[in-house]
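Comments concern the structure below.
Every number for a ligand or one of its atoms is a count from 1 in the order of the listing.
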Amino acid sequence: MVDFTLTDEQKSLREMAHDFAAREIRPVAWEYDKDGTWPEEIIKKAWDVGLMNSHIPEEYGGAGASYLDGCLIEEELSWGCSGIQTSLGCNGLATAPLIAGGSDELKKEYLGRLTEAPLLASFCLTEPEAGSDVANMRTTAVKKGDKYVINGSKCFITNGSYANWYTVYAKTDKEAGHRGISAFVVPRDAGVVVDKKEDKLGQRASNTATVSFNDVEIPADHLIGEENHGFKLAMSTLDRTRPGVAAMATGIARAAFEFATDYSRERVTFGVPIAMHQAIQFIIADMATEIEAARLLTWKSAVMLDNGERNTLVSSHAKRFAADTAMKTATEAVQVYGGYGFIKEYPVEKLFRDAKIMQLYEGTSQIQRLVIARETLLPRRVQEPAAVPA
Ligand SMILES: Cc1cc2nc3c(=O)[nH]c(=O)nc-3n(C[C@H](O)[C@H](O)[C@H](O)COP(=O)(O)OP(=O)(O)OC[C@H]3O[C@@H](n4cnc5c(N)ncnc54)[C@H](O)[C@@H]3O)c2cc1C
């Protein structure tokens, strides 16, 4: 049976997330964007009301929410400000490999830290020479007795300046390409160095940093799962987190659509509101259709996960389509505002800058198309990720 009706609990959750976004995020979003202000207070409040770490299983102190529930929260908070939501949601990305493959002790310790206090974790995959081409990473982890010694540098790490611990991907077999990557939990106090905070085009309230590991020693039991299985873990993590990114993109698109719709009713040209011009109506109509389609794909990709199904193809459909919809809708919103859309004083200028990142992080729109093409042309019987980019 196909049923798009949310349960009463899901409606309440969405309403709660929307109220939080309207009350705590929207009023400061444009101000925080201007100066790239770190949203520390908002993180604490979101943690207090249970809008962070909802995905962590109940046995480790989380809410054990479904992927669909997560998407409902992410769309609303991103409607408030996608930069702030990137900071709030990053624990989901960092913890996904640990939840999927970590030992019980590791989960108790590190998931417990996030549910006991408003702390953050980061996901460290990207390097200067390894973005889409993950297998080209240079960071190494060498086993010495009962420890691993990590050396290398990771760039563009969300919440990197503030994380209490990091999920770090490193080569444990330099000759084995993507089959030589392993994943580790690295506590900040093991000696992680934060090198640089990036100054960004959009999502300026989120923190993006370069972090380095210089002979950082961690206990051998901080390996997540098995040695050399890190690539598989990273790809299955992205299958799990792309629905949430698609939900965020839908939230940006919805915000741009609402601003454009309101403005089109107010702005008068040639004696009538611009909403009366068919050219503007068609822009609004296309926005509405594409946002609806983006949300349906997003929900489908999340529900598949909730049903325990492999969602690689659909999560790439959702992430690619929702990200491109966010960019297109924000661009068209600027068009509806005319010259005012280009001016910082008006809201859609920020949304236009924020939308761009949706086509870049967690796999660019090109990489999503590669996944979609591979899954379509070469459907695999064995459910193991192929050696294509992230
Ligand atoms: C604000 C921000 C936050 C981020 N947060 C994180 C984080 O928390 N953790 C993390 O690990 N990373 C993070 N990233 C990194 C992000 O995931 C990468 O930037 C992204 O995967 C692209 O990698 P790249 O920048 O090296 O681009 P490249 O891989 O160099 O790609 C450059 C261009 O070539 C295209 N391209 C590359 N290969 C192919 C191909 N085979 N076929 C067709 N086109 C191709 C790409 O689509 C892109 O258009 C973040 C990035 C930003 C900007």
Could you tell me whether some N/O pair between F156 and ligand 1 is separated by less than 3.5 angstrom? yes
Check each heavy atom of E362 against ligand 1 and say whether those closer than 4.0 Å belong to the side chain, the backbone, both or neither. backbone
I'd like to check whether T126 has a polar contact with ligand 1, where a contact means an N/O of the residue lying under 3.5 Å from an N/O of the ligand. yes
Could you check whether the rings of Y337 and Y263 sit parallel, tilted or perpendicular, using 30° and 60° as the cut-offs? parallel
May I ask you to check whether Y162 and W38 place their ring centres under 6.0 Å from each other? yes
Can you check which of A373, S132, G202 brings a heavy atom nearest to atom 38 (N) of ligand 1? S132
Is the backbone N or O of G112 less than 3.5 Å from a side-chain atom of T115, with the two atoms forming a donor-acceptor pair by type? yes
Please report whether ligand 1 has a polar contact with L370, defined as an N or O pair separated by less than 3.5 Å (distance criterion only). no
Which part of T86 is near ligand 1, with near meaning a heavy atom under 4.0 Å away: side chain, backbone, both or neither? neither
Could you tell me whether the side chains of S316 and Q368 share a donor-acceptor contact shorter than 3.5 Å? yes
With heavy atoms only and a cut-off of under 4.0 Å, state how T364 meets ligand 1: side chain, backbone, both or neither. side chain
Determine whether the side chains of K154 and T126 contain a donor N or O and an acceptor N or O closer than 3.5 Å. no
Does I367 reach ligand 1 with a nitrogen or oxygen that is under 3.5 Å from one of the ligand's nitrogen or oxygen atoms? no
Heavy atom under 4.0 Å from ligand 1: found in L360's side chain, backbone, both, or neither? backbone
Does any N or O atom in T158 lie less than 3.5 angstrom from one in ligand 1, N or O only? yes
Taking the side chain as C-beta and beyond, is there a heavy-atom pair between E266 and I274 under 4.5 Å? no
If you measure every N/O of K200 against every N/O of ligand 1, is any gap under 3.5 Å? no
Is it the case that the side chain of T167 and the backbone of A94 share a donor-acceptor pair, with hydrogens and angles ignored and the cut-off at 3.5 Å? yes
In sequence, state the C-alpha distance, the side-chain angles, and the governing distance for H222 and Y110, and then conclude on side chain to side chain donor-acceptor pair (under 3.5 Å). CA-CA 10 Å; H222 280 40; Y110 289 95; 2.8 Å; yes
